[in-house]
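Right, one structure below, let's go through it.
Convention: sequence-line order gives letters A, B, ...; per-chain numbering from 1.
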Protein chains: 2
Amino acid sequence: MRPLFHPALEDIRPEAILYALSDPERAAIFAWLSGAGCGRTCSALGQLGERVIPKSSLSNHFKVLRESGLILSERQGIEMRNQTRCAELDERFPGLIKAILTAYGELPGQPKAD
Amino acid sequence: MRPLFHPALEDIRPEAILYALSDPERAAIFAWLSGAGCGRTCSALGQLGERVIPKSSLSNHFKVLRESGLILSERQGIEMRNQTRCAELDERFPGLIKAILTAYGELPGQPKAD
DNA sequence: ATCAACAGTTCCGAATTTCTGAACTACGGA
DNA sequence: TCCGTAGTTCAGAAATTCGGAACTGTTGAT
């Protein structure tokens with residue numbers, strides 16, 4: 001298991017953010033994380049809709065979120081704690097994250113916050 | 001040439017917007033269009049960076065932008081006039097488009113407005 | 001120390017998507 | 001009618017995504 005890569009704030013690219021959040025499943029994961037005060041684990045996620053997400057896909061979703069700069073992942077014993085980088089991100093791209101989450105939120109039948 | 005499809009405002013999906021604008025080339029085209037008062041043609045675009053975009057790719061970019069709901073295309077004689085749907089979009093997804101354009105704008109060496 | 005269970009990652013082949021040159025359609029002018 | 005221009009469609013190659021199976025690393029039990 002190679003060490004996890006997190007881009008520095010100044011290396012975060014808008015296209016990576018948009019790409020990462022253009023997948024509704026990933027956006028739902030991100031929304032769910034951003035509703036949590038502190039870190040959440042990958043497996044605590046369970047199901048996000050009707051579909052059960054295979055764990056290799058889940059792992060990949062987290063990787064995309066992490067490498068785009070949206071989240072911070074930290075191994076803690078057996079599990080991985082994930083949290084958003086919202087505060088930093090808002091500094092670099094003002095209003096972006098909020099507008100995106102709001103856009104998804106507008107729609108009926110979207111992910112529950114918890 | 002089949003008729004052009006444009007989604008109704010209420011059918012526009014956030015994931016489609018994010019996806020469309022997650023390609024820097026498309027985002028640059030959109031930014032360029034949004035800097036224009038009235039419609040602009042596809043070929044008026046010329047080059048957008050160092051790379052010359054093949055016309056089939058360009059055509060596809062415009063199609064993605066159109067079908068995601070970002071732009072309105074209208075055939076006018078021999079050419080196609082394109083304009084953004086910014087006003088409508090801002091009503092549906094407040095602040096989203098502006099935040100995205102700003103995010104791209106933050107970066108050095110991005111598309112010139114004209 | 002050895003073993004088993006668990007959380008998550010990596011690998012790799014299949015399926016899907018993207019890209020773009022070439023052929024094509026549509027319109028306008030000479 | 002024939003030509004040039006604007007843009008679209010087609011089709012095959014290249015790249016990306018998806019997900020099952022095998023693997024890594026950690027903890028706790030025996």
Side-chain angles (χ1 to χ4, degrees), chain A residues 1-6 13 15-16 18-30 32-33 36 38-68 70-83, chain B residues 1-6 13 15-16 18-30 32-33 36 38-68 70-83:
Chain A
M1 237 166 279
R2 54 190 75 129
L4 304 173
F5 170 73
H6 292 90
R13 322 223 81 236
E15 58 267 42
L18 299 188
Y19 171 75
L21 296 179
S22 71
D23 178 319
E25 228 159 48
R26 268 192 306 261
I29 293 171
F30 182 77
W32 173 75
L33 282 178
C38 50
R40 284 189 156 161
T41 70
C42 183
S43 65
L45 210 159
Q47 253 168 281
L48 210 56
E50 34 268 39
R51 196 173 94 91
V52 179
I53 308 173
K55 64 180 188 159
S56 60
S57 303
L58 247 190
S59 176
N60 188 55
H61 282 330
F62 276 93
K63 184 183 178 195
V64 171
L65 290 170
R66 182 167 57 241
E67 300 196 340
S68 69
L70 281 161
I71 68 171
L72 207 67
S73 311
E74 198 176 0
R75 168 151 246 151
Q76 215 151 77
I78 197 176
E79 59 198 9
M80 195 77 116
R81 304 211 80 84
N82 298 284
Q83 58 187 301
Chain B
M1 238 165 276
R2 55 189 75 131
L4 304 174
F5 171 73
H6 292 91
R13 324 221 80 236
E15 56 267 42
L18 299 188
Y19 171 75
L21 295 179
S22 71
D23 178 320
E25 229 159 46
R26 270 195 303 263
I29 293 171
F30 182 77
W32 174 73
L33 282 177
C38 50
R40 283 188 156 161
T41 70
C42 183
S43 65
L45 209 159
Q47 251 168 283
L48 211 56
E50 34 267 38
R51 197 176 92 94
V52 179
I53 308 174
K55 63 179 187 160
S56 60
S57 302
L58 246 191
S59 177
N60 188 55
H61 283 330
F62 276 93
K63 184 183 177 195
V64 171
L65 290 171
R66 182 167 57 241
E67 301 195 341
S68 70
L70 282 162
I71 67 170
L72 207 67
S73 310
E74 199 177 359
R75 168 151 245 151
Q76 213 151 80
I78 197 177
E79 59 197 10
M80 195 77 115
R81 303 211 80 83
N82 297 284
Q83 59 189 301

Without decimals, in angstroms, what is the distance between B/R75 CZ and D/dT8 C1'? 9 Å
Nearest-Å distance for atom pair NZ/P, residues A/K63 and C/dT10: 6 Å
At what distance, to the nearest 0.5 angstrom, does CG of A/N82 lie from CD of A/Q76? 10.5 Å
Measure CE/A/M80 against C1'/C/dT10 and give the value in whole Å, please. 13 Å
Between OG on residue B/S56 and NZ on residue B/K63, distance to nearest 0.5 Å: 12.0 Å
Quick one: A/L4 CG to C/dA7 P, roughly how many Å, whole number? 18 Å
Of all residues at least two apart in sequence or in a different chain, which pass the side chain to side chain donor-acceptor pair (under 3.5 Å) check with B/E25? B/R51, B/H61
Send over the distance from A/R66 CZ to C/dG8 P, rounded to a whole Å. 11 Å
Nearest-Å distance, CG (A/N82) to P (C/dT9)? 8 Å
For A/R26 and A/L70: C-alpha separation, side-chain torsions, deciding distance, then whether side chain to side chain contact (heavy atoms under 4.5 Å, CB included) applies. CA-CA 11 Å; A/R26 268 192 306 261; A/L70 281 161; over 6 Å; no
If the sugar-phosphate is the primed atoms plus P, OP1 and OP2 and the base is the rest, what is the B/S/- string for nucleotides 12-20 of chain C, using protein heavy atoms under 4.0 Å? ------S-B
B/Q76 CD to D/dG7 C1', in whole Å, measures 15 Å
Given side chain to side chain contact (heavy atoms under 4.5 Å, CB included), test A/H6 with A/S73 step by step and report yes or no. CA-CA 8 Å; A/H6 292 90; A/S73 311; 4.1 Å; yes
Atom CZ of A/F62 to atom C1' of D/dT17: distance rounded to whole Å? 18 Å
How do A/I78 and A/K55 order along DNA chain D: which one's closest nucleotide is nearer the 5' end? A/K55
Worked check of side chain to side chain contact (heavy atoms under 4.5 Å, CB included) between A/L21 and A/L65: CA-CA 8 Å; A/L21 296 179; A/L65 290 170; 4.2 Å; yes
